[in-house]
Amino acid sequence: MRKIAKSNDRSKASRKAPGRPSRGNAEQAVRTLLRWAGDDPEREGLLGTPGRVVRAYEEWFAGYFEDPRDYLKRTFEEVAGYDEIVLLRDIRFESHCEHHIAPIIGRVHIAYMPRNRVVGISKLARLVDVYAKRLQVQEKMTAEIAACIDSVLKPYGVAVVVEGAHECMTTRGIHKSDVSMVTSRMLGVFRDNPETRQEFLSAINLRSAAMGIGT
Ligand SMILES: [Zn+2]
């Protein structure tokens with residue numbers, strides 16, 4: 001009971017970060033953008049829009065109020081000498097680019113070589129969400145996920161590959177719809193040992209081929 005109250009207090013405190021505008025101010029900013037787009041925020045169909053947009057922002061950007069390291073704190077040390085790659089592939093993510101606030105949708109593949117601790121696989125997916133639910137640059141998100149796993153679990157190595165489709169490219173600008181961007185970060189044995197890196201890359205490429213995405 002006390003624990004729940006405490007964590008609520010903490011999230012409330014962080015959501016009142018210094019300099020954060022009020023909900024009313026945020027809704028007003030949406031009305032300004034609606035006028036900028038050429039519409040009338042006072043017309044009936046748009047009356048509820050500022051409130052909905054601000055609530056959507058609370059979901060899309062919830063990652064600012066969470067510490068990704070929290071998800072990796074609970075680990076299992078009984079791994080019976082397991083010293084092979086742990087791989088989680090095709091973790092779907094939804095993020096927004098920090099240049100246009102346009103969606104980036106894609107998949108993350110994570111592998112690590114445990115030293116003596118492993119983490120529940122759902123926790124890796126939660127970790128991806130925390131970083132995805134912030135304004136992002138895909139290269140930065142890739143590096144942040146790898147660095148977080150590396151610093152908390154201290155494995156022999158970490159590999160992260162992110163494939164993302166950027167709506168700022170597909171719906172505006174150069175309008176290239178079938179392009180996805182691939183970024184990767186290899187640390188430890190995945191960087192230093194070509195065989196380990198290849199094992200990881202083959203595992204995720206095989207999956208892509210099986211899904212008809214191509215290699
Ligand atoms: Zn963009």
Side-chain angles (χ1 to χ4, degrees), residues 14-15 17-23 25-39 41 45-46 48-69 71 88-110 124-150 158-187 201 204-205 207-208 211-215:
S14 57
R15 279 172 194 270
R20 194 174 194 221
S22 69
R23 181 174 296 271
N25 279 339
E27 291 181 5
Q28 201 51 48
V30 177
R31 283 183 200 99
T32 301
L33 283 174
L34 288 170
R35 275 196 297 276
W36 172 248
D39 214 317
L46 289 178
T49 298
R52 282 190 292 268
V53 171
V54 167
R55 284 194 296 280
Y57 264 48
E58 287 179 298
E59 273 186 55
W60 291 337
F61 302 116
Y64 287 109
F65 306 101
E66 284 192 277
D67 182 348
R69 303 170 67 90
Y71 289 111
L88 193 62
R89 60 192 174 192
D90 296 319
I91 307 165
R92 183 188 152 91
F93 76 92
E94 294 147 6
S95 189
H96 289 79
C97 80
E98 69 180 35
H99 302 131
H100 302 92
I101 324 184
I104 308 172
I105 312 254
R107 301 177 302 172
V108 182
H109 315 284
I110 296 176
L124 292 177
R126 299 297 293 272
L127 170 80
V128 167
D129 265 349
V130 174
Y131 285 114
K133 290 187 182 302
R134 297 177 181 180
L135 289 165
Q136 277 294 0
V137 172
Q138 187 176 317
E139 295 89 329
K140 185 177 85 177
M141 186 175 92
T142 309
E144 284 175 339
I145 292 168
C148 182
I149 295 168
D150 193 49
V158 183
V160 177
V161 167
V162 178
E163 302 170 58
H166 293 235
E167 287 195 12
C168 58
M169 261 178 81
T170 59
T171 66
R172 57 162 291 289
I174 58 168
H175 295 272
K176 293 292 176 218
S177 59
D178 291 330
V179 176
S180 71
M181 179 166 148
V182 180
T183 48
S184 67
R185 179 68 132 208
M186 306 282 161
L187 300 175
L201 291 174
I204 62 175
N205 279 341
R207 174 68 170 172
S208 298
M211 290 170 71
I213 292 168
T215 52

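Both counts, for ligands and for their atoms, begin at 1 and track the order of listing. This structure is a prediction, so every number in the text was calculated from the model and none was measured.
Taking 2.8 Å as the threshold, Cys97 counts as a candidate ligand of the Zn ion (ligand 1), since one of its N, O or S atoms lies below it. In summary, His166 places no N/O/S atom under 2.8 Å from the Zn ion (ligand 1), failing the contact criterion.
Between the side chain of Glu163 and the backbone N or O of Ser180 there is no donor-acceptor pair closer than 3.5 Å. Proximity of a side-chain donor or acceptor of Glu27 to a complementary backbone N or O of Val54 within less than 3.5 Å is not detected.
A side-chain donor-acceptor contact under 3.5 Å links Thr183 and Gln138.
Salt bridge Glu66/Lys133: absent, no basic N to carboxylate O contact under 4.0 Å.
Atom ND1 is the N, O or S atom of His100 at the shortest distance from the Zn ion (ligand 1).
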